[in-house]
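What follows is a single structure, written as structure tokens, with notes after it.
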Amino acid sequence: MKIKSLEDLEKIKEEGLKNLSGRQGKKRGRITVAMGTCGISAGAKDTLMTIIDELDKNGIDDIAVVQSGCMGLCEVEPTVEVQIGDQEPVIYGNVGIEEAKRIVKEHVIGGRILGDLLVKKSAQ
Amino acid sequence: MPLENTILICAGGGCISAGEISVKEALENEIKKYALDGVVKVVETGCMDACSLGPLMVIYPEGVFYQKLKPSDAKEIVEEHLLKGRVVQRLLYKGPSGEIKPRATEEIPFFTRQVRIATRNLGVIDPASIEEYIARDGYFALRKALSMTPEMVIEEIKKSGLRGRGGAGFPTGLKWELTRKSKSDEKYLICNADEGDPGAFMDRSMMEGDPHSLLEGMAIGGYAIGAHQGYIYVRAEYPLAIERLKIAIKQAREYGLLGKDIFGSGFDFDVDLRIGAGAFVCGEETALIQSVEGKRGQPVQKPPYPAQSGLWKKPTVINNVETLVDVPYIINKGWEAFASIGTEKSKGTKVFALVGKVNNTGLVEVPMGTTLRELIFDIGGGIPGGKRFKAVQTGGPSGGCIPEEYLDTPIDYESLTSLGTIMGSGGMIVMDEDTCMVDVARFFLQFTADESCGKCTPCREGTRKMLSILDKIVEGNGTMEDIERLETLAVTIKDTALCGLGQTAPNPVLSTLRYFRDEYEAHVKEKRCPAKSCKALIAYRIDPAKCTGCTACARACPTGAITGEVRKVHTIDQEKCIKCGSCFEVCRFDAVEKLDAVEVTADT
Ligand SMILES: Cc1cc2nc3c(=O)[nH]c(=O)nc-3n(C[C@H](O)[C@H](O)[C@H](O)COP(=O)(O)O)c2cc1C
Ligand code: SF4
Ligand code: SF4
Ligand code: FES
């Protein structure tokens with residue numbers, strides 16, 4: 001088949017996209033775990049692994065999990081920032097394993113912000 | 001049944017030589033064993049830019065990144081990951097401080113700090129699938145270009161600020177315009193894929209991982225200048241790139257994206273390969289033209305420039321692979337997208353092959369204006385083994401080195417030139433405290449002296465002469481006059497050589513003399529190699545206070561230079577020692593010392 005027009009090209013693009021869709025990095029949101037020295041010594045590694053596990057368990061692949069340096073909130077480490085869609089990011093403090101599980105279940109899946117874990121809304 | 005997992009396995013050169021093929025075979029066997037072949041797809045991609053971690057794979061939809069794989073790991077990956085959905089922790093990437101980073105592309109700074117334009121499809125698409133390329137907006141730029149006038153296309157490229165990525169940084173739009181304006185019945189476009197710099201593999205990776213981007217860039221360039229035939233000049237040492245390009249050309253022809261009347265626009269353009277034998281000088285554009293014409297690859301005098309009289313004496317554009325691969329992006333996204341990245345005079349991104357004494361070796365694409373420090377330390381992960389950074393060489397044998405005090409220099413054409421080096425095609429060799437700068441200069445000069453085509457005297461004789469002086473210095477026989485002669489020769493060759501090879505060959509010497517003159521002088525005056533690297537100027541000795549008499553060194557020594565009884569202090573016979581360093585490596589008690597030879601001869 002010869003491609004002669006934009007329409008022809010679009011058609012092949014659609015076909016090709018089906019192949020690629022499984023691996024395109026289109027993300028719905030992102031969770032950032034502060035992994036500065038302070039965070040790590042407060043257990044941020046477990047927090048990070050729990051979040052990844054929980055996301056995996058629930059088959060969520062459109063949330064990026066990223067690490068950052070210290071957010072400057074050392075006294076409430078581990079801290080986790082959650083940003084979904086174009087909502088304002090929120091920061092949770094003292095996030096241990098249980099809290100991490102709740103964040104995934106209630107915030108990421110349920111869409112409810114966990115008031116009791118909130119440190120502050122970022123970008124203030 | 002819908003696909004449940006796609007496994008991208010890197011089939012770039014680095015991973016292939018690390019054993020990718022056997023890993024892939026083992027993986028496919030395991031997949032078949034569990035009858036998963038209907039729901040799991042294994043795709044080979046181009047270089048994923050993390051060659052030091054190869055063989056490697058990314059499993060989607062999760063995007064889990066497994067590294068340093070062996071065929072024996074396949075079973076666990078299939079049983080644990082694919083069947084049970086559990087990540088195999090032991091195969092994940094661990095950062096320098098040991099933290100585990102399961103998802104490659106979002107978490108490892110090596111990936112996150114990069115901006116991917118030229119490498120936009122590397123490791124993402126299957127290079128053998130034109131459909132996947134089209135799915136990533138491939139050939140849309142060609143369609144768009146064909147709906148514009150050639151002048152508009154040239155204007156777009158000019159405004160983007162794109163400059164040649166092959167070495168000199170000549171503005172691409174201007175080159176195209178000059179060629180467009182040359183009157184002729186026939187014109188040509190040649191892609192320079194010779195990539196002769198030792199240690200460079202950017203162009204190869206792009207051709208292997210995303211061959212259609214190059215073809216599309218060439219077709220757009222051909223349309224802009226009025227050419228109907230393009231050639232890719234690629235070295236025979238790149239068999240995989242050649243194979244993938246051949247497949248890509250065939251696919252593009254089948255879809256009518258190369259050939260007659262592309263997109264019904266009336267524009268004809270085709271691409272053929274020309275295989276070079278891999279001589280460095282054939283990367284020089286006039287020599288390259290000779291070689292494509294089937295003649296011996298020797299440079300000819302410029303002017304006339306190829307834009308007026310090139311291949312078969314017709315106006316010809318010669319562009320580097322990366323330059324052409326940037327083109328579809330610019331046409332698709334508009335010149336502003338490209339021009340918004342980079343510095344005032346250097347726009348867009350540049351791909352570097354980061355090699356040498358750096359933790360994360362591999363391909364990196366960064367915005368122009370990124371500092372060397374960010375590139376080497378943040379992305380490259382710094383120097384291994386707690387060693388100190390000494391210098392970085394850019395521009396290969398035509399370039400020079402940059403010492404520590406200039407690490408905060410933003411990378412662009414002008415700033416590198418002002419430091420006495422060049423952007424070059426993107427080779428970046430990191431050197432640590434154990435590297436002798438005189439020896440580095442010698443290494444590059446050895447290369448250029450060997451690769452000199454011999455046509456002009458300054459290059460043929462001059463580089464040999466310089467090499468013999470450098471040999472003398474690293475042997476410890478140099479004099480201060482030798483250093484002066486080296487400088488005079490360097491300047492003369494620069495001014496009088498016929499082609500770029502000779503004109504730039506002295507650069508490694510001039511730049512090491514500029515920043516590390518003290519090292520040259522130490523070799524000459526004190527007969528000492530400060531990096532303790534030049535064999536003639538070092539000696540090994542066993543410290544009697546530390547030696548436990550374990551005999552490890554004596555057993556390792558290839559010449560029997562070490563004697564001593566078990567549990568007694570060992571000694572090295574300096575006459576027999578060939579300075580291979582084996583004893584230094586094996587001693588677990590740090591008893592073997594590496595010293596300046598002058599020190600050892602003085603006290604024995
Ligand atoms: C000795 C020598 C070797 C060269 N090798 C290459 C090469 O391997 N690849 C390349 O693209 N340009 C190489 N060049 C630069 C080319 O002559 C030419 O400037 C370049 O291909 C133009 O393309 P660009 O404007 O897209 O950079 C070399 C130049 C010299 C003098
Ligand atoms: S290996 Fe070291 S400790 Fe053992 S005999 Fe040799 S120098 Fe002595
Ligand atoms: S440097 Fe090599 S040759 Fe010399 S003593 Fe040690 S092992 Fe033997
Ligand atoms: S070859 Fe596999 S990452 Fe470079």
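Just so it is clear, the model here is predicted, and its values are computed rather than measured. Chain A is the first sequence line, chain B the second, and so forth, proteins listed ahead of strands; every chain is numbered from 1.
- Contacts with chain B (heavy atom to heavy atom, under 4.5 Å) involve these residues of residues 2-11 of chain A, listed by number: A:K2, A:I3, A:K4, A:S5, A:L6, A:L9, A:E10.
- Between B:D126 and B:R244 there is no salt bridge, since no side-chain nitrogen of the basic residue lies less than 4.0 Å from a carboxylate oxygen of the acidic one.
- Looking only at atom types and distance, the side chain of B:Q251 has a donor-acceptor partner in the side chain of B:H212 under 3.5 Å away.
- Salt-bridge formation is detected for the pair B:E76/B:R90: a Lys NZ or Arg NE/NH1/NH2 atom is positioned less than 4.0 Å from an Asp or Glu carboxylate oxygen.
- No part of B:Y133 comes within reach of chain A, as not one of its non-hydrogen atoms sits under 4.5 angstrom from that chain.
- Under a 4.0 Å N-O distance rule, the pair B:K250/B:E254 qualifies as a salt bridge.
- Looking at B:E156 and B:I331, their side chains come closer than 4.5 Å, going by heavy atoms from C-beta outward.
- Considering B:F263, B:F267, B:F269 as possible partners of B:Y223, the one that fulfils the ring-ring contact (aromatic ring centres under 6.0 Å, His included) test is B:F267.
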